[in-house]
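Count residues from 1 along the sequence.
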Amino acid sequence: MRDAPPHGETERYPHHANFMMGTRLDLTTGDNTPQASGPTPASTSTRRTPTFDILFLIGLVIVAFIPRLILARQLDVVTDEVVYILGGKVYLPLITHANITSSQWVTFNYEHPPLVKMLMGFSLAFNNILGHPLSELLAGRLPSIVMGTLLVAAVYWLGRAPFGRTIALIAALSLAVSPWLVYFSALAYLDMTMTTFVTIAFLTLWHAIRRPWLFPILALLVGLGAASKYTAVLVIPGIVLFTAYYYFLLRPTMPAEQRPVLPWKWWLIAILIAPAAFLIADPAIWLNPIGRLVHSFTFEWNHSANGHPTFIAGQYYTHVPHWSIIYIIFTKMSAFLTIPAALFVIVALVQLVRFHLRNIQMETTKAASDAYLVIWLLSVLGMFSVLNIVVGTHYHLPLAPSVAIAGVSGLAMIIGAIVRLVSRKQTTQAETAAGRPAISKPAIIIPAIILALLAIGPHLLGLTTVYGTEGYTNEFFQNDENATMQVAYPGYREALQWLEDNHHSNTSVGLISIPGTLNGYSPAANWFHYNTDIAQHFQLKEAHPQDSSYASYQYLVWPKHLVQRGYPLPAGASVIHTITGGNTIYCYILEVKQ
């Protein structure tokens, strides 16, 4: 016998897939379909094999993996990648030799926990064992590629139950081709792995309501997320809030015989599992957990207190305003998702208030599902807005999945309202033998196609037309990020390739960067190490925007983000070319006047 669903449920979440009165796009249930706790009503859909779900899942994995892999092979090294890859190289020997006492655990990049860097180290090691089928940079990026793909698969597989198959599938496809998510899934950064862990944790929460033994699994995922990047803990308030809402506000509205027992035992285990998982996945602190955590947190606190130069909303900041998270999400995701998501939240909140005031009739499952998505989105929005030091848009990646799902739900709500309005002007359709309206397949399929085009199309267009995808912004900004946010991608490699194709090689070129960015911490992991093929064609040196003279160079490559951060192009040089993605400038190629 299958586990009981959220109590009071009699059918599979039709409210998110309704486009016509009584019409559902999810006409059959899948393997994750909750079953009613009481006698099965005659109208309950028949259960089918999960063949289509498995095919959809495989298709999603392919659709998500391919652009991430292509971009990871294409992109030049970006800022902190060399730090994290070198961290993997440092930590792996310490793990394989069980050297927990080494000072290297706390002397190199101790401000971030080591889990993702260890994954990069393992990826590099396997690449070496297999005879280097991948470049070292690509091997270092592989964990992010895999985790970014896993996030997309999880949104569909775990999202079918609370949101319906159609909503979950379209939201997952939108995330699969989102230029923003693809870009950071293709870099050796910490954020995509952390985002995947906390997203799966929040999606597991819905299933834990009817399978309480999943609460410890959820806690494990949160612990691993925190061991990837400390900001993962910001999802905990939302998880606690929905759990409290369901058991202490929604549960009393159910018939007494359908109220679930409070799973105190599983909650207690979960409370213990989360810090234990974090500790196990963070060998850097095993020797002195409290002292080393304080050491790391102190660095983070001081770093945050001092701020970091960044460019957002056309302004230069060291500490960004709290509304920046809304601005970033609106800019980096299609307006066909963000605006409907806001509309969905407003409508859902109004309905939930009326439900609890007994002003409207609403199924308990619908109230639970709407509250679940609203709490997920608003809690992550509120908690991550406290990060007033935002070096790049990757800080807010954990908000993307809930915005995508709410956006698709909002679009479905809008399209459904339009379809119902049109249907009222038509003649009454013949009743079926079961007493339901006879709905034609086009009446179901066409709204679904429109929904998919609106939710997926803009992201797919941006992914295929904006080189490097970092320059993607939504429809209101026309893929021009220069005026809205700091452009992370430096484009040094592309600039040198252009110089090689259009000018003589073996010329002197200064690559403008903040001191140490290109030379890095080690000859084994820096920009020159990963660009040996192109670097040998020029006389290259790392130059700095504060340098008093560039007379020794024939050309300069000047990233746009330095201009945004207050380092204007030098007067003694002229722009001969720009490297762009969409309408966004990544870097300028300057010819120095001799």
Side-chain angles (χ1 to χ4, degrees), residues 71-83 85-86 135-138 140 186-188 466-471 481-482 486-594:
L71 203 59
R73 290 169 54 87
Q74 176 190 91
L75 291 175
D76 193 11
V77 183
V78 178
T79 319
D80 292 336
E81 285 191 284
V82 293
V83 179
I85 292 175
L86 183 56
S135 69
E136 183 175 279
L137 181 59
L138 182 57
L187 299 181
V466 178
Y467 175 79
T469 77
E470 165 67 349
E481 192 171 31
N482 295 148
Q486 185 171 301
V487 180
Y489 190 59
Y492 297 116
R493 183 179 181 86
E494 289 84 351
L496 292 173
Q497 288 171 337
W498 184 87
L499 282 173
E500 188 176 32
D501 292 338
N502 294 275
H503 294 268
H504 296 295
S505 59
N506 198 34
T507 55
S508 178
V509 181
L511 303 179
I512 307 299
S513 70
I514 300 300
T517 301
L518 298 178
N519 288 323
Y521 295 92
S522 166
N526 61 35
W527 184 91
F528 295 97
H529 175 71
Y530 293 124
N531 285 283
T532 304
D533 56 335
I534 192 73
Q536 64 188 359
H537 298 160
F538 298 92
Q539 300 172 30
L540 294 180
K541 288 184 65 177
E542 179 184 290
H544 309 130
Q546 306 96 328
D547 290 349
S548 58
S549 174
Y550 304 102
S552 60
Y553 303 105
Q554 187 173 354
Y555 299 102
L556 300 174
V557 178
W558 201 291
K560 178 66 175 180
H561 74 84
L562 292 179
V563 178
Q564 293 172 315
R565 289 163 61 181
Y567 299 106
L569 301 178
S574 58
V575 177
I576 60 172
H577 189 67
T578 56
I579 302 300
T580 62
N583 295 319
T584 297
I585 297 173
Y586 293 146
C587 68
Y588 300 95
I589 303 175
L590 308 176
E591 185 173 16
V592 180
K593 298 176 183 178
Q594 300 299 323

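The minimum heavy-atom distance between L562 and P545, with the atom names listed, is CD1-CG, 4.5 Å. In terms of heavy atoms, D76 sits closest to G491 at OD2-C, 4.4 Å. Listed here is the closest heavy atom pair of P559 and C587: CA-CB, 3.7 Å. Across Q539 and N506, no two heavy atoms sit closer than the pair NE2-O, 3.2 Å. Residues G140 and A188 share a closest heavy-atom pair of O-CB, 3.6 Å.
Side-chain N or O atoms of D501 include none that pairs as donor or acceptor with a backbone N or O of W498 at under 3.5 Å. Here the side chain of S522 pairs a donor or acceptor atom with the backbone of A524 at under 3.5 angstrom. Using a distance-only test at 3.5 Å, with no hydrogens or angles considered, a donor-acceptor pair links the side chain of Y586 to the main chain of G471. At distances below 3.5 Å, at least one donor-acceptor pair connects side-chain atoms of Q564 with backbone N or O atoms of V487. Under a 3.5 Å cut-off, the side chain of E470 and the backbone N or O of A488 do form a donor-acceptor pair. Under the 3.5 Å distance criterion, the side-chain polar atoms of S513 are left unmatched by any main-chain donor or acceptor of E542.
W527 pairs in a side-chain contact (heavy atoms from CB on, under 4.5 Å) with only one of the listed residues (V82, N519, L540), which is L540.
Within the 4.5 Å cutoff, no side-chain heavy atoms of T507 are placed close to those of L499. Residues Y550 and I512 form a side-chain contact, since some pair of their non-hydrogen atoms from C-beta on lies under 4.5 Å apart. Counting heavy atoms from C-beta on, the side chains of P570 and W558 come closer than 4.5 Å. For the pair F528/P523, no side-chain contact is recorded, criterion being any heavy-atom separation below 4.5 Å from C-beta on. A 4.5 Å side-chain heavy-atom check between T517 and P490 finds every atom pair outside the cut-off.
The line from CG of L496 to CG of N531 is 8.0 Å long, rounded to the nearest 0.5 Å. Here I514 contributes atom CD1 and H561 contributes atom NE2; the two are 7.0 Å apart, rounded to the nearest 0.5 Å. Rounded to the nearest 0.5 Å, atoms NE2 (H529) and CG (L137) are 9.0 Å apart. Residue I579 holds its CD1 atom at 13.5 Å from OG1 of T584, rounded to the nearest 0.5 Å. For the atom pair CD (E136) and CG (L138), the distance works out to 11.0 Å, reported to the nearest 0.5 Å. With values rounded to the nearest 0.5 angstrom, H577 atom NE2 is found 13.0 Å from Y555 atom OH.
With no hydrogens or angles considered, a side-chain donor-acceptor pair links E494 and Y489 at under 3.5 Å.
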TODO: Could you check Q554 against V592 for side-chain contact (heavy atoms from CB on, under 4.5 Å), going step by step and ending with a plain yes or no?
DONE: CA-CA 5 Å; Q554 187 173 354; V592 180; over 6 Å; no
- [ ] Any chance you could lay out the side-chain contact (heavy atoms from CB on, under 4.5 Å) test for D533 and R493, step after step, and finish with the verdict?
- [x] CA-CA 10 Å; D533 56 335; R493 183 179 181 86; 2.6 Å; yes
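Annotation: Y467, atom OH; neighbour count of heavy atoms from other residues, nucleotides and ligands within 6.0 Å is above 12.
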